[in-house]
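Take a look at the structure below.
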Amino acid sequence: MAPATVSQRIVIENAAIATVDAHDTEYASGHVVVADNTIESIGAGPAPEGLENVVRRVDATGHLVTPGLVNTHHHFYQWITRGLATDHNLFNWLVALYPTWARIDEQMTYAAAQGSLAMMARGGVTTAMDHHYVFPQGSGDLSGSIIRAASETGVRFTLARGSMDRSEKDGGLPPDFAVETLDGALAATEETVRKHHDASFDAMTQVAVAPCSPFSVSTELMRQGAELARRLGVRLHTHGSETVEEEKFCHELFGMGPTDYFESTGWLGDDVWMAHCVHMNDSDIAAFARTGTGVAHCPSSNARLAAGIARVPDMLAAGVPVGLGVDGTASNESGELHTELRNALLINRLGAHREAALTARQALRLGTYGGAQVLGRADNIGSLEVGKLADLVLWKTDGIGHSSIADPVTAIVLGAAAPVTLSLVNGKPVVENGRLLTADEDAIARSTRDEAQRLARIAATS
């Protein structure tokens, strides 16, 4: 069979390159050739000669090229409720904010998704995810609005279609009118998967089944949600072991800890990833390792809500897949994933392993290949390798913030947030010289401010 014709190539040369492949291959000065939407060539020195249909050549002197960052946990709608309940732990924070969140509508959700996506893309994220679980009655097509914003931004995207059916009247935290019925949640989730999930190699949109958390979801929704996901062939996501209060809740309600509860409902497996996983004992970590269950580590949010320090070094040593997450911007107001590289390293060094907890390269791996693993996409993104999709970032390391740091990986992990000179997603430029190419950032700033103010007014009068 004749090879497929390449319609266009982008050639990047003279760059330091961290491939984050299985051998952590790096080049002090090398090239990457992008053919349409895949990586055709990568290696030391200049690109091969005689390449046809080259539409752009990039002299990347003074830059580090890495895989694009992969965000594994977020709540986009929270972009319009930032800066509230700033001195609360998780449960008190949820109690304070659920009455406001319960008033969101489609217009608000779309604007918030635009803001969340723009901020992440500007900071080197090429694959984003959103765990959306608040579906107030009569609020419109919230899932569709989020997917539309991701498509317009141009990033690869996983929507974790969340749900809640345990409200205040059942001992949960959300207001009664902000939750779905068991049957309604399952039906709406299945409809979202069938309408939007793309299982192809270069898919730009995928959908996961994602009941919110043990304290906002019935056992039956957890169990049937897992069955639904496996029948449809999609992944599963939820919050797990985030706080000591959650562990106490699970023991009181279910007679067991969170990990045992998840296993009893079918929620451990290599098609599952959990957010946070802060309070995990040795047995919990062993269960995750044995089943291949992944973890979305959210260091800034864990610190903001005083949840604790996740045992990431122990998870990695046991073989647990671990990626990084921004988490919702009501508990991580910066909304950027590249700052999580630094925070993951620093916060974990405050734990039991101290200075041996994580290295700069391990932090970069968490934010790239680790994220691809937990999203089930390690065969096509997360590292720079021939045949993988062309999702990559050029970080400027010769400016004042980084030029005196000899090692470029250390520079982008421990230094100030490095500027993004170019970001490609599926071979297409999405960010250039620190600015989003696919949307008007100033217009997004205005619309998110307006929607935040509108939501605040509605919540105040409800």
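Between Tyr110 and the options Glu106, Gln107, Gln114, a side-chain hydrogen bond (donor to acceptor under 3.5 Å, both in side chains) holds for only Gln114. When each of Asp141, Val234, Leu142, Leu159 is checked for a side-chain contact (heavy atoms from CB on, under 4.5 Å) with Thr192, only Leu159 meets the rule. For the ring pair (Phe, Tyr, Trp, His ring centres under 6.0 Å) with His73, the lone residue among His297, His239, His132 that qualifies is His239. For the side-chain contact (heavy atoms from CB on, under 4.5 Å) criterion with Val431, the lone passing option out of Val125, Thr126, Val420 is Val420.
Under the 3.5 Å distance criterion, the side-chain polar atoms of Thr293 are left unmatched by any main-chain donor or acceptor of Ala289. Side-chain atoms of Thr153 do not come within 3.5 Å of backbone N or O of Val155 as any donor-acceptor pair. Thr448 contributes no side-chain N or O that, together with a main-chain N or O of Ala112, makes up a donor-acceptor pair within less than 3.5 Å. For Thr329 (side chain) and Asn332 (main-chain N/O), no donor-acceptor pair under 3.5 Å exists by modelled atom type. Not one N or O on the side chain of Asp260 forms a donor-acceptor pair closer than 3.5 Å with the backbone of Met256. Put simply, the side chain of Ser151 never gets that close to the backbone of Arg148: no donor and acceptor are under 3.5 Å apart. In terms of modelled atom types and a separation under 3.5 Å, the side chain of Asp391 and the main chain of Val425 share no donor-acceptor contact. A donor-acceptor pair is defined here as one N or O able to donate and one able to accept, closer than 3.5 Å; no such pair exists between the side chain of Ser216 and the backbone of Cys212. When atom types are taken as modelled, the side chain of His279 and the backbone of Gly240 share no donor-acceptor pair closer than 3.5 angstrom. When atom types are taken as modelled, the side chain of Asp284 and the backbone of Asn281 share a donor-acceptor pair closer than 3.5 angstrom.
The aromatic rings of Phe76 and His74 stand perpendicular to each other, their planes meeting at an angle above 60°, with 30° marking the opposite boundary. Aromatic ring pairs are classed by plane angle as parallel below 30°, tilted from 30° to 60° and perpendicular above 60°; the pair Phe91 and Phe249 is perpendicular. Aromatic ring orientation, Trp267 versus Phe262: tilted (interplanar angle from 30° to 60°).
No hydrogens or angles considered: nothing links the side chains of Asp130 and His75 as a donor-acceptor pair under 3.5 Å. No side-chain donor-acceptor contact under 3.5 Å links Ser163 and Asp165. For the residue pair Ser213/Tyr133, the side-chain donor-acceptor check at 3.5 Å is not satisfied. At a cut-off of 3.5 Å, with distance as the only test, a side-chain donor of Thr421 or His63 sits close to an acceptor on the other residue. Using modelled atom types and a 3.5 Å distance limit, the side chains of Ser300 and Glu340 yield a donor-acceptor pair.
Residues Leu341 and Arg365 are not in side-chain contact: their nearest non-hydrogen atoms beyond the backbone lie 4.5 Å or more apart. Side-chain contact between Trp93 and Ser331: present, with at least one pair of heavy atoms (C-beta onward) separated by less than 4.5 Å. Counting only heavy atoms from C-beta outward, the side chains of His237 and Val209 never approach each other to under 4.5 Å. Residues Leu392 and Leu394 have side chains in contact (heavy-atom distance under 4.5 Å, counting atoms from C-beta outward). Side-chain contact between Leu316 and Val322 is present, with at least one heavy-atom pair separated by less than 4.5 Å. A heavy-atom distance below 4.5 Å is not found between the side chains of Asp21 and Leu384. Contact annotation: the side chain of Arg122 approaches that of Glu441 to within less than 4.5 Å [non-hydrogen atoms, C-beta and beyond].
Of the inter-residue distances, the one linking Glu336 atom CD with Leu69 atom CG reads 10.5 Å to the nearest 0.5 angstrom. Note: Gln78 CD to Arg82 CZ = 11.5 Å, rounded to the nearest 0.5 Å. Once rounded to the nearest 0.5 Å, the distance linking CG of Asn433 with OG of Ser423 reads 12.0 Å. Here the CG atom belonging to Leu455 is positioned 10.5 Å from the OH atom belonging to Tyr77, to the nearest 0.5 angstrom. Here Ile80 contributes atom CD1 and Thr109 contributes atom OG1; the two are 6.5 Å apart, rounded to the nearest 0.5 Å. Here the straight-line distance linking atom CG of Leu117 with atom CG of Leu436 works out to 9.0 Å at 0.5 Å rounding.
Taking 4.0 Å as the cut-off between side-chain N and carboxylate O, Arg290 and Asp270 do not count as a salt-bridged pair. A salt bridge does not link Lys388 with Asp202: every distance from a Lys NZ or Arg NE/NH1/NH2 to an Asp or Glu carboxylate oxygen is 4.0 Å or more. Here Glu180 pairs with Arg161 in a salt bridge; the nearest charged N to carboxylate O distance falls below 4.0 Å. Ion pairing between a basic and an acidic side chain is recognised when a charged N comes within 4.0 Å of a carboxylate O; Arg361 and Asp407 show such pairing. Salt bridge present: Glu190 and Arg194 bring a charged side-chain N and a carboxylate O closer than 4.0 Å. Using a 4.0 Å cut-off between charged side-chain N and carboxylate O, Asp271 and Arg230 make a salt bridge. Between Lys248 and Glu245, none of the side-chain N atoms (NZ, or NE/NH1/NH2) sits under 4.0 Å from a carboxylate O, so this pair counts as no salt bridge.
Between Asp198 and Ala203 the shortest heavy-atom distance is O-CB, 3.2 Å. Across all non-hydrogen atoms, the minimal contact from Asp442 to Asp440 is N-OD1, 3.0 Å. Heavy atoms only, all atoms of each residue included: Glu242 and Leu305 are closest at OE2-CD1, 4.3 Å. Closest approach of Thr243 and Ala307 over heavy atoms only: CG2-CB, 4.2 Å. For the residue pair Pro299 and Gly325, the shortest heavy atom distance occurs at CD-O, 4.5 Å. In plain terms, the two heavy atoms of Ile104 and Pro136 that are nearest each other are O-CG, 3.8 Å.
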Give the C-alpha distance, both sets of side-chain angles, the deciding distance and a yes or no for side-chain contact (heavy atoms from CB on, under 4.5 Å) between Arg342 and Thr339. CA-CA 5 Å; Arg342 186 173 195 263; Thr339 56; 5.9 Å; no
Full working for side-chain contact (heavy atoms from CB on, under 4.5 Å) between Arg235 and Trp273: CA-CA 8 Å; Arg235 297 182 73 74; Trp273 84 105; 3.8 Å; yes
Check against side-chain contact (heavy atoms from CB on, under 4.5 Å), Asn71 and Thr127: CA-CA 6 Å; Asn71 183 34; Thr127 297; over 6 Å; no
Verify side chain to side chain donor-acceptor pair (under 3.5 Å) between His276 and Asn302, making sure each step is shown before the conclusion. CA-CA 7 Å; His276 303 293; Asn302 294 344; 2.9 Å; yes
Can Phe135 and Met164 be said to form a side-chain contact (heavy atoms from CB on, under 4.5 Å), step by step? CA-CA 8 Å; Phe135 291 91; Met164 299 185 293; over 6 Å; no
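Taking the six-membered ring for Trp and the full ring otherwise, the centers of Trp101 and Trp79 sit at least 6.0 Å from each other.
Counted within 6.0 Å of CD on Glu220, heavy atoms from surrounding residues, nucleotides or ligands total more than 12; the atom is thus considered enclosed.
A cation-pi arrangement is not found for Arg166 relative to Phe215, the charged atom failing to lie both closer than 6.0 Å to the ring centre and inside a 45° cone about the ring normal.
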